[in-house]
Engineer: 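Please read through the structure below; I'll follow up with questions.
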Amino acid sequence: VLLVPSVAVVTKRELLEEFKILAQEAGYDIKDTLYVKRLLSRGLSEYKIRELKKKMLSTGAKEVLFDTSLKPRQTYNIAKEIKVAPKDRIEIILEIFRLHAPSKEAELQIKLASLNYELMRAKEKVRLAKRGEQPGFYGLGAYEVDVYYDEIKKRMTSLKRKLNAIRKKRELHRHYRKKRGYKTIVITGYTCSGKTSLFNTITGLLEKTGPEPFTTLSTKFSVLKVGPWKCYISDTIGFIRDLPPFVITAFYSTLEEISFADLVLLVIDASENIDVIDQKMKTSLDILRALEYVEKPILIVANKIDLIDKYRLKDVISVLVEYEYPVIPVSALYRINIDRLIKVVESLLGRVIGVRIELPYNELMNKNNLYGSVVSKIKELGIINKIEYLGENIYLDVVVDRKTVYPLYKYIHRLGGRVRVASDMDIASLT
Ligand SMILES: Nc1nc2c(ncn2[C@@H]2O[C@H](COP(=O)(O)OP(=O)(O)OP(=O)(O)O)[C@@H](O)[C@H]2O)c(=O)[nH]1
Ligand SMILES: [Mg+2]
């Protein structure tokens with residue numbers, strides 16, 4: 001593949017590597033970078049423009065890529081100076097999707113998202129044209145801009161109609177599945193976290209995996225037996241930071257599977273820096289929140305633990321449990337702890353779930369004898385089978401309804417305790 005030589009304008013130096021890989025996926029080779037702390041509302045300063053032109057000349061760059069999104073006004077001003085239209089992060093992501101669209105539906109969605117992005121800009125163009133500030137862009141007059149705007153809208157309506165037809169079909173399919181008693185599990189998470197690798201390991205299939213972002217662009221399914229449950233498991237497109245909501249809803253409409261999921265496996269690459277892990281968890285949950293899916297039962301799967309030692313793993317886990325969902329460490333590639341994962345999945349799919357709660361006994365007693373109220377709260381949420389005092393801690397074996405397990409998890413976590421789903425793993429036993 002021939003890559004187009006380009007200069008990158010970078011606002012986040014620490015994320016340059018991610019951006020380089022992204023650009024490469026879209027067909028660009030970053031020959032040089034220009035670092036800018038912050039963009040001006042008009043775009044770049046004269047000084048930065050001069051720097052940029054110099055870098056373009058010395059590298060023979062044909063394109064200029066921004067690692068952030070640009071407002072129409074910024075795009076126009078910069079284009080006027082450097083004589084090519086700069087591409088922003090969102091356009092680059094859209095190009096990756098366009099290049100790799102694996103299905104009719106994906107293709108339609110990408111078109112829709114691109115048009116949506118164009119429409120937002122067209123609005124701004126119309127506004128600028130009407131105020132006489134920018135009499136047309138790329139030779140468009142105010143009149144043509146209006147026509148162009150209407151045209152985009154028409155094309156969007158027709159795309160939405162086609163997508164709806166496909167969606168209806170899927171709906172029927174889902175209905176059929178449910179009638180036949182299938183449970184739905186959805187694998188989701190940041191791009192490159194290892195979702196497809198996990199999917200392959202669990203299902204024995206051989207879907208394409210790879211170090212580049214967005215290897216998977218459409219939802220893949222398989223059926224699977226987990227304990228007594230017949231499951232429908234799907235692998236989905238990955239998340240990435242800085243996607244505006246309109247792109248998310250268009251791109252991720254295949255993710256609507258999640259809204260019917262009995263369990264969401266949220267995969268995270270545990271081998272990265274703690275900061276990166278935290279950032280990616282936040283992004284993933286933000287996107288799930290934007291799609292209104294955070295209320296779903298989520299199991300965090302900390303993947304790639306073959307790459308870190310047990311001390312690092314402990315640190316990673318302690319960051320992940322802060323998100324107040326159960327966490328299970330695995331290596332999808334080396335099948336570490338996969339059987340445990342399946343057992344936890346089986347438990348979480350059950351109507352009732354056995355959990356073991358660990359609470360710091362002394363601490364609770366010291367806090368105005370919280371202990372009594374905690375126990376009665378737990379009794380409200382489930383049935384206590386056993387209470388044990390071991391050292392500093394108190395352990396309660398409790399059976400709860402599957403709907404209660406998450407509120408219980410959050411409640412106990414906030415008290416400084418821990419909840420383990422029956423057959424949940426002992427982190428210390430891992431090396
Ligand atoms: N060392 C190690 N590498 C892994 C593991 N799981 C996945 N990988 C690697 O991580 C990269 C990404 O894996 P994928 O399974 O394609 O990730 P994905 O989340 O499906 O990525 P997208 O579909 O692009 O969003 C690949 O190079 C995998 O070989 C693991 O457990 N350990
Ligand atoms: Mg994948």
Side-chain angles (χ1 to χ4, degrees), residues 183-186 226-229 231 261-266 268 281 285 288 293-302 313-314 316-330 337-430:
K183 298 268 184 192
T184 303
I185 302 171
V186 180
V226 178
W229 319 110
C231 296
D262 296 290
L263 183 63
V264 176
L265 303 183
L266 180 55
I268 185 97
M281 266 312 285
L285 288 171
L288 288 174
Y293 296 156
V294 273
E295 295 305 321
K296 285 273 141 190
I298 292 174
L299 172 62
I300 298 175
V301 181
L313 180 58
K314 259 201 169 136
V316 171
I317 301 277
S318 63
V319 169
L320 292 177
V321 293
E322 288 299 318
Y323 289 92
E324 301 182 330
Y325 295 107
V327 179
I328 183 149
V330 302
N337 221 28
I338 297 296
D339 297 343
R340 272 289 205 348
L341 168 70
I342 301 288
K343 288 226 177 77
V344 174
V345 167
E346 182 187 335
S347 300
L348 289 173
L349 287 173
R351 201 175 51 79
V352 291
I353 298 168
V355 296
R356 190 166 173 81
I357 297 171
E358 174 188 314
L359 284 165
Y361 180 70
N362 287 337
E363 219 170 282
L364 290 185
M365 290 306 267
N366 291 342
K367 276 187 203 144
N368 297 327
N369 196 1
L370 247 179
Y371 177 64
S373 66
V374 171
V375 169
S376 53
K377 173 82 180 177
I378 294 174
K379 271 189 186 148
E380 261 171 48
L381 295 173
I383 299 161
I384 301 178
N385 279 337
K386 194 163 94 184
I387 301 184
E388 254 181 315
Y389 300 85
L390 287 173
E392 301 273 277
N393 294 327
I394 173 165
Y395 293 86
L396 299 102
D397 287 342
V398 183
V399 176
V400 292
D401 189 273
R402 72 176 255 111
K403 290 207 173 64
T404 325
V405 81
Y406 288 90
L408 179 77
Y409 206 90
K410 292 198 171 163
Y411 174 68
I412 298 298
H413 188 86
R414 280 173 199 164
L415 289 170
R418 300 181 56 173
V419 179
R420 284 190 185 162
V421 176
S423 78
D424 199 346
M425 67 137 343
D426 187 353
I427 293 157
S429 74
L430 263 190

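Computation of the quantities below employed the complete heavy-atom set of this structure, encompassing side-chain atoms and omitting hydrogens, waters and symmetry-equivalent molecules.
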Engineer: Where do G382 and V400 come nearest, in terms of heavy atoms and distance?
Structural biologist: CA-CG1, 3.8 Å
Engineer: Do L341 and L299 have side-chain heavy atoms sitting under 4.5 Å apart?
Structural biologist: yes
Engineer: Tell me every residue that passes side-chain contact (heavy atoms from CB on, under 4.5 Å) with P407, counting only those two or more places apart in sequence or in another chain.
Structural biologist: none
Engineer: Look only at the side chain of N337 and the backbone of P329, and say whether a donor-acceptor pair between them is shorter than 3.5 Å.
Structural biologist: yes
Engineer: What's the spacing between E358 CD and L396 CG if we round to 0.5 Å?
Structural biologist: 10.5 Å
Engineer: Could you tell me if the side chain of I384 sits less than 4.5 Å from the side chain of K379, heavy atoms only?
Structural biologist: yes
Engineer: If you count heavy atoms of other groups shown closer than 6.0 angstrom to CD1 of I387, is the number above 12?
Structural biologist: yes
Engineer: Decide yes or no for L349 and I185: does some side-chain heavy atom of the first lie under 4.5 Å from some side-chain heavy atom of the second?
Structural biologist: yes
Engineer: Give me each pair satisfying salt bridge (Lys or Arg N to Asp or Glu O under 4.0 Å) with a member in residues 403-415, each pair once, sequence neighbours excluded.
Structural biologist: E324-R414
Engineer: Can you tell if the side chain of P326 reaches within under 4.5 Å of the side chain of Y406, non-hydrogen atoms only?
Structural biologist: yes
Engineer: List the residues meeting ring-ring contact (aromatic ring centres under 6.0 Å, His included) with Y361, not counting sequence neighbours, and say none if there are none.
Structural biologist: Y371, Y389
Engineer: Might you point out which heavy atoms bring I353 and S347 nearest each other, and give the distance in Å?
Structural biologist: CG1-O, 3.1 Å
Engineer: So do the side chains of R356 and R418 get within less than 4.5 Å of each other, counting heavy atoms only?
Structural biologist: no
Engineer: Under the criterion side chain to side chain contact (heavy atoms under 4.5 Å, CB included), I'd like the reasoning laid out for I328 against V345: C-alpha separation, chi angles, the key distance, then a yes or no.
Structural biologist: CA-CA 10 Å; I328 183 149; V345 167; over 6 Å; no
Engineer: Flag the pair I300 / M281 as yes when at least one side-chain heavy-atom distance between them is below 4.5 Å, and no otherwise.
Structural biologist: yes
Engineer: Dump the intermediate steps for side chain to side chain contact (heavy atoms under 4.5 Å, CB included) on L285 and L266, then the final yes or no.
Structural biologist: CA-CA 9 Å; L285 288 171; L266 180 55; 3.9 Å; yes
Engineer: Using the rule given for side chain to side chain contact (heavy atoms under 4.5 Å, CB included), can you reason through Y411 versus L415, listing the C-alpha separation, both sets of side-chain angles and the distance that settles it, and then say yes or no?
Structural biologist: CA-CA 7 Å; Y411 174 68; L415 289 170; 3.8 Å; yes
Engineer: Within the structure provided, determine whether L359 and I378 are in side-chain contact (heavy-atom separation under 4.5 Å).
Structural biologist: yes
Engineer: Of all the heavy-atom pairs spanning P360 and N393, show the shortest one and how long it is.
Structural biologist: CA-OD1, 3.5 Å
Engineer: To the nearest 0.5 Å, tell me how far D397 CG sits from E388 CD.
Structural biologist: 7.0 Å
Engineer: Look at the side chain of R402 and the backbone N and O of L348, then say whether any donor-acceptor pair between them is shorter than 3.5 Å.
Structural biologist: yes
Engineer: Go through L408 and I357 one step at a time and tell me if the side chain to side chain contact (heavy atoms under 4.5 Å, CB included) criterion holds.
Structural biologist: CA-CA 10 Å; L408 179 77; I357 297 171; 4.0 Å; yes
Engineer: Search all heavy atoms of V421 against all heavy atoms of V355 and return the closest pair with its distance.
Structural biologist: CA-CG1, 4.2 Å
Engineer: Search all heavy atoms of W229 against all heavy atoms of E346 and return the closest pair with its distance.
Structural biologist: NE1-O, 3.4 Å
Engineer: Of all heavy-atom pairs between L320 and A302, which one has the smallest distance, and what is that distance?
Structural biologist: CD1-CB, 3.7 Å
